[in-house]
Amino acid sequence: MERRVDNKWASTIASIWIQASCGASYTFGIYSSTLKSSQSYSQSTLDTVSVFKDIGANAGVISGLFYSAVTEKRGGRSSAGVGRRPRSVLSPGPWLVLVAGAVQFFAGYFFIWASVVGLIDRPPVAAMCLFMWVAAHAQTFFNTTNVVSGVHNFSDYSGTIVGIMKGFLGLSGAILIQVYYTVLKDRPSAFILMLAILPTSVSLVLMLLVRIYDTNAMGDKKHLNSFSAVALIIATYLMILIILENTFTMPLWSRILTFIVLLFLLFWPLRTAIVAMREEREGSSEPSSSEQSPLLDDPLQVVSEEVSEDMNLIQAMRTGDFWLLFMAMVCGLGSGLATINNISQIGESLGYTTVEINTLVSLLSIWNFLGRFGAGYISDVLLYKRGFTRPFLMAFTLLIMAAGHIIIASGFSGNLYVGSVLVGVCYGCLWSLMPTITSEIFGVGHMGTIFNTIAIGSPVGSYILSVRVIGYIYDKEATGEDNSCYGTHCFMLSFFILASVAFFGFLVDLVLFFRTRSFYKLILHRRSQHSQLTAA
């Protein structure tokens with residue numbers, strides 16, 4: 001029998017590298033000043049363009065619908081399902097979604113670059129908003145493909161694989177900024193062109209490797225843990241680099257050396273994939289548990305269908321669970337993104353130095369990663385070993401986020417660092433937990449469409465809280481000709497409101513937790529029976 005499970009490791013490596021290169025929306029601060037000056041924008045106009053970036057990066061309904069369309073199930077299972085030879089790599093599949101993302105990525109950033117350098121006439125603001133939206137929207141095509149394909153390939157460890165994919169996306173902004181500092185420092189317009197070329201090229205080169213293999217093997221967790229360990233090492237390394245860069249002036253030779261080390265770390269997961277494939281080949285002469293009783297062909301198929309019946313978007317939207325999860329994301333992701341978007345201005349109002357603010361902003365990507373990765377990994381452990389469900393962990397996360405907002409509101413010396421760590425980690429946790437909960441409650445079949453629809457809550461909540469709460473109160477407190485504000489009063493009331501919103505999200509998620517308790521008991525029962533069957 002062809003060992004198709006071998007290839008899912010190549011698919012995972014390809015997805016990791018695409019995720020690590022496509023987070024260009026997190027690098028807006030590198031070229032925003034150049035964009036503002038070249039187009040003669042006011043600050044409010046630049047903020048408007050930035051809003052379209054956030055909308056594009058979070059509203060991925062189209063990518064979800066497209067993914068579902070090109071990977072639709074036939075005969076009740078995936079076309080690349082267990083016991084069935086995969087179709088040709090050129091058959092409709094995830095690679096088409098990656099192509100669509102690559103086209104948008106290149107087009108969006110190319111036209112932004114052409115506008116900045118004067119290759120084309122200065123476009124209207126509406127056109128620039130469109131360019132930015134298209135460029136950021138491409139990210140949802142990459143993210144949907146890699147996350148949902150990963151859940152298909154490692155359904156028994158969906159939390160872990162989602163955490164890995166979301167974690168590398170969270171790190172990608174810091175990785176791309178390292179490319180800028182090493183190769184294109186003080187050339188932000190060239191950096192925009194690089195954004196048009198590099199992520200597009202990576203996705204096109206690797207796209208045919210990203211495929212669906214609905215398989216599970218007992219040894220998967222060990223190798224996923226190796227990917228997780230490498231991700232943590234890369235995050236730690238980037239955190240050290242960020243602190244050094246904001247403390248010392250690093251010469252070019254040291255930047256080149258540190259960048260080479262970063263590339264080595266990014267290629268290190270390839271070793272894990274090779275080991276995994278070698279182990280599968282060495283064991284191919286003996287029947288494996290995954291071959292004898294594959295997940296989709298074993299007697300527990302009936303239980304599996306009861307636990308996770310695939311719903312489409314319309315069916316999901318008719319359930320209370322969908323709207324509870326959506327409202328929790330409006331409160332959690334919305335308040336978290338509002339904090340991230342205003343962290344520099346908060347630092348200025350509290351008298352932080354430029355170096356301290358830059359360090360604060362840069363480290364947010366690391367806290368974001370730790371939340372994305374940690375929640376995925378820990379939620380699997382807590383669910384399968386302790387019985388704590390993911391909605392329970394999400395509710396706990398929202399409660400900690402509310403505490404983080406209160407700490408920021410207090411305005412005491414150093415509290416902005418503590419509060420930003422809590423909010424950043426919790427914000428990342430929500431981005432990891434939400435897609436996994438979506439796949440468990442509504443099924444994997446239309447997971448991309450459903451979780452991207454729920455993710456719209458992020459820009460919706462951010463707009464309300466950033467513009468209608470933080471911005472409005474700041475403008476009322478501002479004095480002087482430059483409309484600036486200094487002191488704890490500038491943001492205190494705003495963050496008490498954000499804390500209240502996050503706490504409301506906690507209460508909403510508690511309702512979801514109680515509604516889904518019996519559902520998760522079925523998941524644990526099914527997994528327990530499946531483990532006993534494969535052990536026998």
Side-chain angles (χ1 to χ4, degrees), residues 147 150-151 154-167 170 221 224-225 228 231-232 307-308 320-336 367-405 421-442 447 450-451 454-455 457-458 461 499 501-527:
V147 169
V151 171
F154 301 97
S155 58
D156 276 0
Y157 306 104
S158 56
T160 300
I161 191 63
V162 170
I164 291 170
M165 293 302 165
K166 286 288 190 178
K221 182 63 172 175
L224 290 177
N225 287 345
S228 300
L232 282 173
V307 170
S308 183
D321 293 341
F322 176 92
W323 293 107
L324 289 170
L325 191 55
F326 179 82
M327 183 56 63
M329 292 305 96
V330 170
C331 297
L333 294 178
S335 65
W367 313 141
N368 188 4
F369 159 79
L370 290 176
R372 290 171 185 244
F373 163 76
Y377 182 86
I378 294 172
S379 67
D380 271 349
V381 174
L382 292 179
L383 177 62
Y384 297 128
K385 293 187 181 297
R386 302 295 181 185
F388 291 105
T389 68
R390 294 188 221 275
F392 176 82
L393 183 57
M394 178 178 283
F396 181 74
T397 298
L398 286 163
L399 188 61
I400 298 299
M401 178 177 277
H405 291 315
V421 171
L422 293 178
V423 172
V425 170
C426 291
Y427 178 76
C429 285
L430 294 176
W431 272 119
S432 182
L433 291 170
M434 183 269 287
T436 312
I437 293 173
T438 299
S439 71
E440 290 169 339
I441 295 178
F442 306 113
M447 171 189 172
I450 297 171
F451 95 73
I454 294 172
S458 177
V501 170
F503 185 76
F504 178 74
F506 159 74
L507 297 177
V508 169
D509 203 71
L510 275 185
V511 177
L512 180 65
F513 162 65
F514 286 114
R515 282 174 57 95
T516 57
R517 276 193 306 174
S518 59
F519 169 82
Y520 275 95
K521 286 180 181 178
L522 281 176
I523 290 181
L524 295 174
H525 175 69
R526 166 224 172 207
R527 181 181 176 87

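Counting heavy atoms from C-beta on, the side chains of Leu224 and Phe154 come closer than 4.5 Å. Within the 4.5 Å cutoff, side-chain heavy atoms of Met447 are placed close to those of Pro435. By the 4.5 Å heavy-atom criterion applied to side chains, Phe442 and Asp321 are counted as neighbours.
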| said: Could you walk me through whether Leu232 and Leu370 satisfy the side-chain contact (heavy atoms from CB on, under 4.5 Å) test, starting with their C-alpha distance in whole Å, then the side-chain angles of each, then the deciding distance to 0.1 Å, before giving a yes or no? | reply: CA-CA 8 Å; Leu232 282 173; Leu370 290 176; 4.0 Å; yes

| field | Stepwise side-chain contact (heavy atoms from CB on, under 4.5 Å) test for Ile164 and Ser228 | value | CA-CA 6 Å; Ile164 291 170; Ser228 300; 3.6 Å; yes

| task | Kindly determine whether Met327 and Phe504 satisfy side-chain contact (heavy atoms from CB on, under 4.5 Å), including the steps that lead there. | result | CA-CA 9 Å; Met327 183 56 63; Phe504 178 74; 4.1 Å; yes

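The two residues Tyr427 and Met401 have their closest heavy-atom pair at N-CE, 3.5 Å. Counting all heavy atoms, side chain and backbone alike, Phe369 lies closest to Ala231 at CZ-O, 3.4 Å. The minimum heavy-atom distance linking Val151 with Ser158 is given by the pair CG1-CB, 4.2 Å. Between Cys429 and Thr397 the shortest heavy-atom distance is CB-CG2, 3.7 Å. Smallest separation of non-hydrogen atoms from Tyr520 and Leu383: CD2-CD1, 3.9 Å. Nearest heavy atom pair, residue Leu325 against residue Leu512, reads CD1-CD2, 4.0 Å.
A perpendicular orientation is assigned to the rings of Trp323 and Phe326, their planes being inclined by more than 60° (bins at 30° and 60°).
Leu398 contributes atom CG, which lies 5.5 Å from atom CG of Asp509 (distance to the nearest 0.5 angstrom). Distance check: Tyr157 OH to Asn225 CG gives 9.0 Å after rounding to the nearest 0.5 Å. How far CD1 of Ile454 is from CG of Leu324: 10.5 Å, rounded to the nearest 0.5 Å. From Met165, atom CE reaches atom OG of Ser432 across 11.5 Å, with rounding to the nearest 0.5 Å. A distance of 13.5 Å separates CZ in Phe396 from CZ in Phe513, rounded to the nearest 0.5 Å. Annotation: the span from Thr436 atom OG1 to Trp431 atom CH2 amounts to 12.5 Å, rounded to 0.5 Å.
In terms of the ring-ring contact (aromatic ring centres under 6.0 Å, His included) criterion, residue partners of Phe506 (sequence neighbours excluded) are, by chain and number, Phe503.
When the options Lys385, Arg386, Arg390 are evaluated for a salt bridge (charged side-chain N to carboxylate O under 4.0 Å, His left out) with Asp380, the one that passes is Arg390.
Under a 3.5 Å cut-off, the side chain of Ser379 and the backbone N or O of Gly376 do form a donor-acceptor pair. Under the 3.5 Å distance criterion, the side-chain polar atoms of Thr438 are matched with a main-chain donor or acceptor of Met434.
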